[in-house]
Amino acid sequence: MNLFANIFGRLTPEAFQHDMVVMGGVIGMTVSGIVIIGLLTYFKRWKWLYREWLTSVDPKKIGVMYIVVALVMLLRGLSDAAMMRAQQALNTHGFLNSDHFQQIFSAHGTIMIFFVAMGLMFGLINLIVPLQIGARDVAFPFMNATSFWLFAAGAMLINTSLAIGEFSAAGWLAYPPLSELSFSPGVGIDYWIWGLQIAGIGSLLSGINFTTTILKMRAAGMTLMKMPLFVWSVLNSMILVIFAFPILTATLGMLSLDRLLGMHFFTSEMGGNPMMYVNLIWAWGHPEVYILILPAFGVFSEVVATFSRKRLFGYTSMVVALAAITFLSFTVWLHHFFTMGAGANVNAFFGVMTMIIAVPTGVKIFNWLATMYRGRIVLATPMLWFLGFIVTFTIGGVAGVLMAVPAIDFQVHNSLFLVAHFHTMIVGGVVFGYFAGLNYWFPKIFGFKLNERLGRYAFWCWFVGFLLAFVPLYILGLMGATRRLDHYDPSLGWQGLFIVAAVGIAVILAGVGFQILQLFFSVKDRKKNLDATGDPWNGRTLEWAVSSPPPFYNFASLPEVRDRDAFWDMKKHKKDFPDVKYESIRLPKNTPLPLIIASLVFAVGFAIVWYIWWLAIIAGLSALICLIYRLNNDETEYSIPAAKIAKLEQEHTA
């Protein structure tokens with residue numbers, strides 16, 4: 001027995017035993033994996049997958065992989081949401097026990113924030129930012145690939161908890177003392193810590209990478225005040241990542257030390273303080289909300305200008321509003337725990353700051369509406385997502401300002417009113433924004449348009465389903481329903497509203513079904529919907545200046561920018577631009593090291609979760625050796641001659 005424990009730590013056969021609901025998910029994942037492996041083998045695509053994708057450092061391919069992982073995790077997160085709402089609608093006749101419900105609750109929040117919203121965000125950033133600033137690559141290609149694979153490793157570790165062991169039942173932010181070893185002795189909290197820690201380090205590296213890319217790699221003539229709004233929004237978001245994610249890394253590290261080495265950072269014994277954890281996690285957590293929403297604001301700025309056929313109204317005020325939100329996002333975190341006894345003066349300050357941060361957000365909404373005023377508006381699918389955002393985000397924003405009043409927050413704190421507000425901001429703002437971006441830039445990324453009719457069906461299902469799912473939660477919150485309820489007294493009269501909310505989730509799932517059909521029929525009919533021009537929407541920014549999909553080097557000749565709407569200016573003054581002169585291009589070589597390093601880091605995380613210390617040491621040292629090898633390798637780039645560039649351009653254009 002001691003030998004078994006020395007080899008496998010606390011991993012025992014019991015870790016693989018689950019109830020029928022969990023086993024259904026495990027079987028589903030296993031079957032899906034077998035089908036994918038079978039298809040790759042049948043069509044002999046393993047070498048193609050390895051050469052073109054798994055070892056790629058091209059930010060466009062990395063962006064696509066981010067989005068694929070995020071959409072897979074979206075399906076997992078939505079299935080968790082459907083199970084929770086079904087349980088609450090059925091109430092005492094439900095199918096989930098209390099512990100399993102709490103695990104699903106925790107997994108849903110963790111997955112949707114860290115692995116859906118963050119994945120969609122970094123996917124679009126990788127795809128669009130280098131093109132919009134007129135660059136061929138990002139500042140640190142190897143770091144960029146490593147960031148993605150660490151993100152994928154964190155997602156894999158979270159999903160591993162479904163099959164081996166269990167997941168956290170302490171909520172998506174795992175407050176102590178519930179997340180401490182004495183109250184949660186199992187592996188669930190450890191899976192949560194290390195899944196987030198690994199993905200969070202990847203996010204921090206991406207923040208450094210894209211901040212450097214935007215500041216140092218813009219095309220000639222593109223001053224800061226000539227950057228597209230999407231690039232401005234990404235720059236502010238990445239600055240927040242650089243300042244906020246080290247807080248998360250340190251906080252998770254201290255919680256892990258509490259659990260692994262018996263330290264007392266957040267326990268009441270030996271001088272620890274659970275409230276310090278709450279302060280730290282929200283000092284990261286509230287900027288995280290703006291990390292996610294700012295790039296969505298940038299997407300809407302591009303979409304509204306393009307489909308209104310107008311220059312964006314109030315560009316300078318939009319830039320100032322982004323900077324104001326970035327600064328103020330670090331001054332509001334305490335509104336998440338007004339009820340914790342900080343005192344009237346502290347609560348008043350953070351209440352006022354919460355109201356103030358609504359001002360620059362309101363400026364942006366009015367500027368978007370002013371852009372639409374007297375524009376030649378085209379109601380394409382991306383524009384529908386924007387209009388849906390205006391409705392949902394305004395509802396959520398008003399509820400947020402309401403809760404900024406400490407006296408009101410005392411009444412609705414920890415209730416479903418807060419849950420409804422949070423989802424209205426994240427789903428109605430972030431997810432709608434990234435869906436708008438995916439529909440808008442899809443023809444640029446893949447070379448053909450998405451099916452508009454099915455895209456409209458998907459939007460209306462999401463929009464109507466969202467209102468059905470979350471408006472009842474505002475009402476339930478005012479009636480006293482709290483979070484994490486897996487059952488309640490039928491005499492309270494809540495069940496009808498929970499049933500409406502469950503119907504809303506079903507309508508959203510229908511929207512996801514239409515999105516899957518949209519993708520299927522778009523791929524099937526791609527020859528009919530080819531983007532032969534590179535500019536299917538009559539766009540205004542540089543990404544539309546290259547063919548669709550873009551060549552692997554982005555620009556054969558780096559552009560010169562004279563106007564804020566650079567491509568619009570090029571189309572308007574086409575004769576003023578000289579003929580292209582091709583020069584040789586240097587690009588980074590593909591490498592398997594990011595995938596290898598992330599796989600080893602995954603092994604480290606898994607080993608620490610299960611106390612398999614020999615594996616953690618070997619995998620950790622191996623990852624370090626791989627990194628040292630890469631840092632000492634000077635042969636990381638290759639050159640493409642000018643003649644080959646000219647030939648490739650002719651073929652690509654044809």
Side-chain angles (χ1 to χ4, degrees), residues 29-73 75 119 122-124 126-128 130-131 136-138 141-142 144-153 155-156 159 438 441-448 450 516 519-527 529-531 546-554 585-600 602 626 630 635-640 644-645 647-654:
M29 283 198 313
T30 305
V31 170
S32 299
I34 292 171
V35 169
I36 292 170
I37 291 170
L39 289 172
L40 289 169
T41 304
Y42 179 79
F43 290 107
K44 299 179 180 178
R45 304 296 277 177
W46 283 106
K47 286 185 179 178
W48 165 83
L49 181 67
Y50 177 79
R51 291 175 180 171
E52 297 294 324
W53 294 94
L54 300 184
T55 60
S56 179
V57 293
D58 183 346
K60 295 182 291 298
K61 290 185 176 179
I62 290 171
V64 171
M65 290 191 289
Y66 261 116
I67 290 170
V68 169
V69 173
L71 293 178
V72 170
M73 296 301 280
L75 296 177
F122 280 121
L124 287 175
N126 271 279
L127 287 163
I128 303 305
L131 289 169
R136 292 197 175 104
D137 209 329
V138 295
F142 177 79
N144 194 35
T146 305
S147 299
F148 164 71
W149 286 111
L150 289 174
F151 167 82
M156 180 63 73
N159 283 326
L438 287 175
W441 282 307
F442 190 92
K444 176 54 57 184
I445 300 163
F446 295 104
F448 58 92
L450 286 170
I516 294 170
L519 185 61
F520 174 79
F521 283 107
S522 299
V523 172
K524 181 184 175 184
D525 301 332
R526 61 189 179 278
K527 292 183 179 179
N529 301 313
L530 281 178
D531 173 22
V546 297
S547 55
S548 300
F552 61 92
Y553 45 81
N554 285 0
I585 296 173
R586 291 192 66 79
L587 289 174
K589 294 178 181 178
N590 285 1
T591 171
L593 282 177
L595 173 59
I596 294 170
I597 290 171
S599 299
L600 291 168
F602 169 84
C626 289
R630 170 68 188 194
E635 301 297 324
T636 60
E637 294 183 338
Y638 69 102
S639 182
I640 311 169
K644 187 175 181 180
I645 295 293
K647 184 180 178 182
L648 288 170
E649 276 295 291
Q650 292 173 358
E651 292 174 355
H652 203 77
T653 305

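Predicted model, so just to flag it, every value in this text is computed and none were measured.
Between the CG atom of Leu54 and the CG atom of Leu49 there is a distance of 4.0 Å, given to the nearest 0.5 Å. The line from OG of Ser599 to CG of Leu150 is 10.0 Å long, rounded to the nearest 0.5 Å. A distance of 8.0 Å separates CG in Asn144 from CG in Asp137, rounded to the nearest 0.5 Å. Rounded to the nearest 0.5 Å, atoms CD1 (Ile597) and CG (Leu600) are 8.0 Å apart. Here the straight-line distance linking atom CD1 of Ile585 with atom CZ of Arg136 works out to 3.5 Å at 0.5 Å rounding. Distance check, rounded to the nearest 0.5 Å: OG1 of Thr41 to CD1 of Ile34 gives 11.5 Å.
No side-chain heavy atom of Arg45 sits under 4.5 Å from any side-chain heavy atom of Leu39. The shortest side-chain heavy-atom distance between Ile67 and Leu127 falls under the 4.5 Å cut-off. Within the 4.5 Å cutoff, the side chain of Phe446 has no heavy atoms near those of the Val523 side chain. You'll find the side chain of Trp441 stays beyond 4.5 Å of the side chain of Leu131, heavy atoms only.
Residues Phe448 and Phe442 share a closest heavy-atom pair of O-CD2, 3.2 Å. Across every non-hydrogen atom of Pro130 and Asn126, the tightest pair is CD-O, 3.5 Å. Taking all atoms of both residues into account, the shortest heavy-atom contact from Glu649 to Tyr553 is OE2-OH, 2.7 Å. Taking each heavy atom of Thr55 and Tyr50 in turn, the nearest pair found is OG1-O, 2.8 Å. Of all heavy-atom pairs spanning Ala153 and Ala598, the tightest one is CB-O, 3.7 Å. Closest approach of Pro549 to Ile445, counting heavy atoms only: CB-O, 3.1 Å.
Within the 3.5 Å criterion, the main-chain N or O of Arg51 finds a donor-acceptor partner in the side chain of Asn590. Listed for the Lys444 side chain is no donor-acceptor partner under 3.5 Å among the backbone atoms of Asp531.
Residue pairs meeting the side chain to side chain donor-acceptor pair (under 3.5 Å) criterion with at least one partner in residues 56-65, sequence neighbours excluded, are Glu52-Lys61, Asp58-Lys60, Lys60-Asn554.
Counted within 6.0 Å of CE on Met65, heavy atoms from surrounding residues, nucleotides or ligands total more than 12; the atom is thus considered enclosed.
In the model, Lys589 has no side-chain atom that pairs as donor or acceptor with a side-chain atom of Thr636 under 3.5 Å.
Ring centroids of Phe122 and Phe148 are separated by 6.0 Å or more, keeping the two rings apart.
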